[in-house]
Amino acid sequence: KSNKYPILIAIGFFLITIYVAFGVHNYWTFDNDGIQYLNEGKEILKGNGKNVGLPNAPAIGTIIYAGLANIFGDGFSVMKSISVLSGTGIVFFSYYIARNIFDSKIALITQLFVAFNPWCGIFSIQAANELLAIFIITVTLYLITKREFKTIDMIIIGSLLGLVFMIRAQT
């Protein structure tokens with residue numbers, strides 16, 4: 001059996017969201033979590049961590065976003081790129097999660113539902129901080145649904161879920 005359709009759907013989702021994210025929707029939205037995470041991470045990296053108040057979030061996610069923004073020079077584009085790549089990864093892994101549980105036809109329909117889900121598209125084009133954590137959770141769900149579950153899979157799952165909690169506690 002060929003696995004070209006799940007890859008084509010993921011590539012199509014990526015191309016559409018990258019065009020919309022950077023060509024059409026090139027501004028911050030009403031959701032200010034991304035801006036707040038980026039600014040607080042910059043303050044932590046400057047050494048002003050004691051002045052940063054993160055009541056609902058651990059500091060690791062803010063440091064990741066601000067560090068990548070320092071490397072690439074543009075926090076807005078970095079956060080949009082992370083959202084687009086995370087959304088594409090969610091669409092890609094949704095096929096394999098469903099295929100591990102059902103057959104390939106149902107998995108393909110599941111992937112199409114995820115790809116055409118408006119919330120997945122909306123969050124993929126925004127410079128927000130939600131999708132990275134959801135993408136990592138999707139990877140752990142794929143590992144959980146594998147047919148051969150090994151000890152190393154449990155270690156990876158635990159590590160990834162710990163990382164997710166350190167990036168965004170709400171997930």
TODO: Mind checking salt bridge (charged side-chain N to carboxylate O under 4.0 Å, His left out) for Asp153 and listing every partner two or more places apart, or none if nothing turns up?
DONE: Lys146
Is any side-chain heavy atom of [X] less than 4.5 Å from a side-chain heavy atom of [Y]?
X      : Y      : result
Asn3   : Tyr95  : yes
Leu132 : Tyr65  : yes
Tyr5   : Ser104 : no
Leu38  : Phe76  : no
Val78  : Ile71  : no
Ile125 : Val84  : no
Glu130 : Arg168 : yes
Ile109 : Lys105 : no

Minimal non-hydrogen separation, [X] against [Y], with atom names:
X      : Y      : value
Cys120 : Leu131 : O-CD1, 4.4 Å
Ser77  : Phe22  : O-CZ, 3.8 Å
Lys80  : Ala21  : NZ-O, 3.0 Å
Ile9   : Ala115 : CG2-CB, 4.0 Å
Phe13  : Ser124 : CZ-OG, 3.5 Å
Ala98  : Ala107 : CB-CA, 3.6 Å

TODO: Please collect all salt bridge (charged side-chain N to carboxylate O under 4.0 Å, His left out) contacts where either partner lies in residues 60-70, sequence neighbours excluded, each pair once.
DONE: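 For residues 60-70, and leaving out neighbouring residues, there are no salt bridge (charged side-chain N to carboxylate O under 4.0 Å, His left out) pairs at all.
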How long is the span from the [atom1] atom in [X] to the [atom2] atom in [Y], to the nearest 0.5 Å?
X      : Y      : atom1 : atom2 : result
Thr145 : Arg99  : OG1   : CZ    : 9.5 Å
Leu143 : Leu161 : CG    : CG    : 9.5 Å
Leu68  : Ile63  : CG    : CD1   : 12.0 Å
Asn100 : Glu148 : CG    : CD    : 11.0 Å
Thr151 : Ile156 : OG1   : CD1   : 11.0 Å
Ile155 : Leu160 : CD1   : CG    : 12.0 Å

Task: Ile106 vs Ile101, side chain to side chain contact (heavy atoms under 4.5 Å, CB included): CA-CA, chis, key distance, verdict - done: CA-CA 9 Å; Ile106 293 175; Ile101 300 169; over 6 Å; no
Task: Geometric class of the Phe135/Phe93 ring pair [parallel <30°, tilted 30-60°, perpendicular >60°] - done: tilted
- [ ] Please check if the side chain of Glu43 supplies one atom and the backbone of Asn48 the other of a donor-acceptor pair under 3.5 Å.
- [x] no
Open item on the list: If we ignore hydrogens and angles and just use 3.5 Å, is the side chain of Ser86 paired with the main-chain N or O of Ser83 as donor and acceptor?
Closed with: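 A pair under 3.5 Å: no.
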Are [X] and [Y] grouped together when hydrophobic residues (ILVMFWY) are joined by side-chain heavy atoms under 4.5 angstrom apart?
X      : Y      : answer
Leu141 : Val114 : yes
Phe116 : Ile16  : no
Phe123 : Tyr19  : no
Ile152 : Tyr142 : yes
Phe92  : Leu112 : yes

TODO: Check side-chain hydrogen bond (donor to acceptor under 3.5 Å, both in side chains) between Asn70 and all other residues, then give those that pass, not counting sequence neighbours.
DONE: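 In terms of side-chain hydrogen bond (donor to acceptor under 3.5 Å, both in side chains), with neighbours along the sequence ignored, Asn70 is linked to no residue.
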- [ ] Test Asn117 against Phe113 for side chain to side chain contact (heavy atoms under 4.5 Å, CB included), laying out the working first.
- [x] CA-CA 6 Å; Asn117 184 335; Phe113 276 132; over 6 Å; no
TODO: Please lay out, stage by stage, how Phe149 and Ile157 fare under the test side chain to side chain contact (heavy atoms under 4.5 Å, CB included).
DONE: CA-CA 11 Å; Phe149 194 69; Ile157 289 167; 3.6 Å; yes
TODO: Would you please test Ile136 and Ile167 for side chain to side chain contact (heavy atoms under 4.5 Å, CB included) and show each step?
DONE: CA-CA 10 Å; Ile136 296 171; Ile167 291 173; 3.9 Å; yes
